[in-house]
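In what follows, a structure is listed as structure tokens, so that the remarks can point back to it.
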Amino acid sequence: MIEKIEITQRFNFKKLNRHYECFTIDLLNKNAYYKISERGSGDKNLYENILCDDSWINILVDLRRNMTSKIHQLSDKQINHFLCQFKSLNLFEDFVSEEFSYFEKIELIYSCNIIIYSTDNYEEYSFKNNFPPNWIRFGEILIDLLNFDVLHINYQKQLVTPLFYNIKKDGVYFDDKLKIKSIEFGHYRTYPYETPKPRLIIDFNENRIDGYIEKKLTSQDKILILNLLEKYHVFMWIFNQYHQKSNTRDPDDLEGYDWYLEIVFENNSIWHVFGYNDYPDTYVGLGKEIFKLTRMDLLEINTISSNDLKLFEKFEKRLLTD
């Protein structure tokens with residue numbers, strides 16, 4: 001018999017704006033609650049540059065507001081109904097977990113870890129992109145049990161993951177291919193520490209590029225930017241097959257640089273990835289091409305060691321020649 005389920009979810013927005021929560025459904029003691037002591041690192045930043053898109057702020061504020069110390073009491077009838085529904089889901093049947101750790105060199109906008117404690121068993125499942133097929137239905141069952149959206153399915157519609165979106169090398173699709181509203185990139189030193197600031201802000205609606213480059217965004221610029229995103233498979237950076245270098249070798253300089261890249265689409269859905277002193281496999285190739293075009297090392301390729309550059313070149317070649 002299942003006695004307890006722990007659902008740990010992590011939301012990463014740009015800069016230091018992150019949210020971590022652990023929700024426990026204790027069927028043995030007939031209650032459910034947030035583990036407030038595991039709220040996370042306590043990042044409190046909400047400041048945003050006036051030039052940047054702030055689509056994520058309302059999500060983050062609501063996530064933090066909804067995490068309360070309330071204890072939800074459960075009746076025997078509710079528990080039996082929930083267990084019956086959960087069993088019929090076969091939620092993790094043939095499911096293959098993704099790697100999950102509390103510190104990763106490349107972080108995505110969402111990740112989840114589920115632990116199921118049974119009378120004589122213990123199961124753990126983790127994922128960032130490989131959502132269980134019945135995940136949305138599981139969310140609906142939890143809403144029915146607890147009267148609130150434990151899995152944040154409503155917010156998931158605004159996060160670009162494979163739960164609601166089809167992510168390809170040439171872009172992100174819902175029904176049709178989504179148009180990009182804005183792109184923001186930041187790169188900053190971790191020691192001595194710098195406050196994360198946007199290095200480049202590209203506003204497709206206002207036709208502007210701001211940050212280290214300030215200029216009017218022309219139609220030719222838009223085509224060039226979109227072609228670069230497609231050429232270096234940037235939309236695919238959220239998938240593990242583009243993290244081969246970071247999974248193979250740690251950077252030489254562990255007191256290095258952090259970075260983030262956010263793409264917001266016209267429906268305000270958010271694609272986001274950030275890294276701790278390491279990068280996706282095609283990052284260097286993109287950075288080198290941007291340098292040729294602008295004569296500026298906007299992606300700070302010069303901070304990467306020669307040994308690491310060789311590995312990036314090796315893994316990039318495999319990806320781009322497939």
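- E184 contributes no side-chain N or O that, together with a main-chain N or O of P198, makes up a donor-acceptor pair within less than 3.5 Å.
- Contact detail for C52 and I201: the closest heavy-atom pair is SG-CD1, 3.7 Å.
- Relative orientation of the W259 and Y283 rings is tilted, given thresholds of 30° and 60° on the angle between their planes.
- Salt bridge status for K231 with E289: present, with a side-chain N to carboxylate O gap under 4.0 Å.
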Derivation and outcome, side chain to side chain contact (heavy atoms under 4.5 Å, CB included), residues I115 and E123: CA-CA 6 Å; I115 301 176; E123 301 170 53; over 6 Å; no

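- With Q244 contributing its side chain and Q241 its backbone, the two residues share a donor-acceptor pair below 3.5 Å.
- With no hydrogens or angles considered, a side-chain donor-acceptor pair links N247 and N240 at under 3.5 Å.
- Side chains of H233 and Y242: a donor-acceptor N/O pair is present below 3.5 angstrom, by distance only.
- Of the possible donor and acceptor atoms, none in the side chain of N205 sits under 3.5 Å from a partner among the backbone N and O of K181.
- Counting only N and O atoms by type, the side chains of K222 and N207 include a donor and acceptor under 3.5 Å apart.
- Using a 4.0 Å cut-off between charged side-chain N and carboxylate O, E107 and R10 make a salt bridge.
- Between H243 and the options D278, I238, L108, a side chain to side chain contact (heavy atoms under 4.5 Å, CB included) holds for only L108.
- Judged by a 6.0 Å distance limit and a 45° cone about the ring axis, K245 is not positioned over the six-membered ring of F315.
- A salt bridge links K14 with E262: the distance from a Lys NZ or Arg NE/NH1/NH2 to an Asp or Glu carboxylate oxygen falls below 4.0 Å.
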How far apart are the C-alpha atoms of I290 and F185, what are their side-chain angles, what is the distance that settles it, and do they pass the side chain to side chain contact (heavy atoms under 4.5 Å, CB included) test? CA-CA 13 Å; I290 290 174; F185 172 76; over 6 Å; no

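- Ring centroid separation for the pair F127 and W135 comes in under the 6.0 Å cut-off.
- Note: the hydrophobic cluster containing L91 also contains M1 (ILVMFWY, side chain heavy atoms under 4.5 Å, direct or indirect links).
- Using cut-offs of 30° and 60° for the angle between ring planes, the F11 and F13 rings count as parallel.
- A salt bridge between E140 and R137 is present, with a side-chain N of the basic residue lying under 4.0 Å from a carboxylate O of the acidic one.
- Side chain of Q156 to backbone of I136: no donor-acceptor contact under 3.5 angstrom is found.
- Following chains of ILVMFWY side-chain contacts shorter than 4.5 Å, one cannot reach I301 starting from F291, and the two form parts of different hydrophobic clusters.
- A salt bridge does not link R318 with D281: none of the charged nitrogens is closer than 4.0 Å to a carboxylate oxygen.
- The environment of E230 atom CD is dense: over 12 non-hydrogen atoms of other residues, nucleotides or ligands sit within 6.0 angstrom.
- Using a cut-off of 4.0 Å between Lys/Arg side-chain N and Asp/Glu carboxylate O, D258 and R189 are scored as not salt-bridged.
- Side-chain atoms of N227 do not come within 3.5 Å of backbone N or O of L224 as any donor-acceptor pair.
- Listed for the T294 side chain is a donor-acceptor partner under 3.5 Å among the backbone atoms of M296.
- Judged purely by atom type and a 3.5 angstrom limit, D221 has no side-chain atom pairing as donor or acceptor with the backbone of L217.
- In this structure a side-chain-to-backbone donor-acceptor pair under 3.5 Å is missing from D26 to A32.
- A donor-acceptor contact closer than 3.5 angstrom is absent between the side chains of N307 and S305.
- Looking only at distances, no side-chain donor or acceptor of R208 sits under 3.5 Å from a matching main-chain atom of K216.
- Ring planes of Y188 and Y260: tilted class, angle from 30 to 60°.
- No side-chain donor from either of N129 and Y110 sits under 3.5 Å from a side-chain acceptor of the other.
- For the residue pair T282 and W237, a side-chain donor N or O sits within less than 3.5 Å of a side-chain acceptor on the partner.
- In the hydrophobic clustering of this structure, V172 groups with I183; members are Ile, Leu, Val, Met, Phe, Trp, Tyr whose side-chain heavy atoms approach within less than 4.5 Å, directly or through other members.
- When hydrophobic clusters are built by joining Ile, Leu, Val, Met, Phe, Trp and Tyr residues whose side-chain heavy atoms come closer than 4.5 Å, directly or via intermediates, M236 is grouped together with V160.
- Residue F138 is tested with F86, F131, F92 for a ring-ring contact (aromatic ring centres under 6.0 Å, His included); the sole match is F86.
- Between the side chains of E21 and H19, at least one donor-acceptor pair of N or O atoms lies under 3.5 Å.
- With hydrogens and angles left out, the side-chain atoms of S182 and D203 include no donor and acceptor closer than 3.5 Å.
- A cation-pi arrangement, defined by a distance under 6.0 Å to the six-membered ring centre and an angle within 45 degrees of its axis, is present between K168 and Y173.
- A side-chain N or O of S269 and one of N267 form a donor-acceptor pair less than 3.5 Å apart.
- For F148 and F23, the gap between ring centers is short of 6.0 Å.
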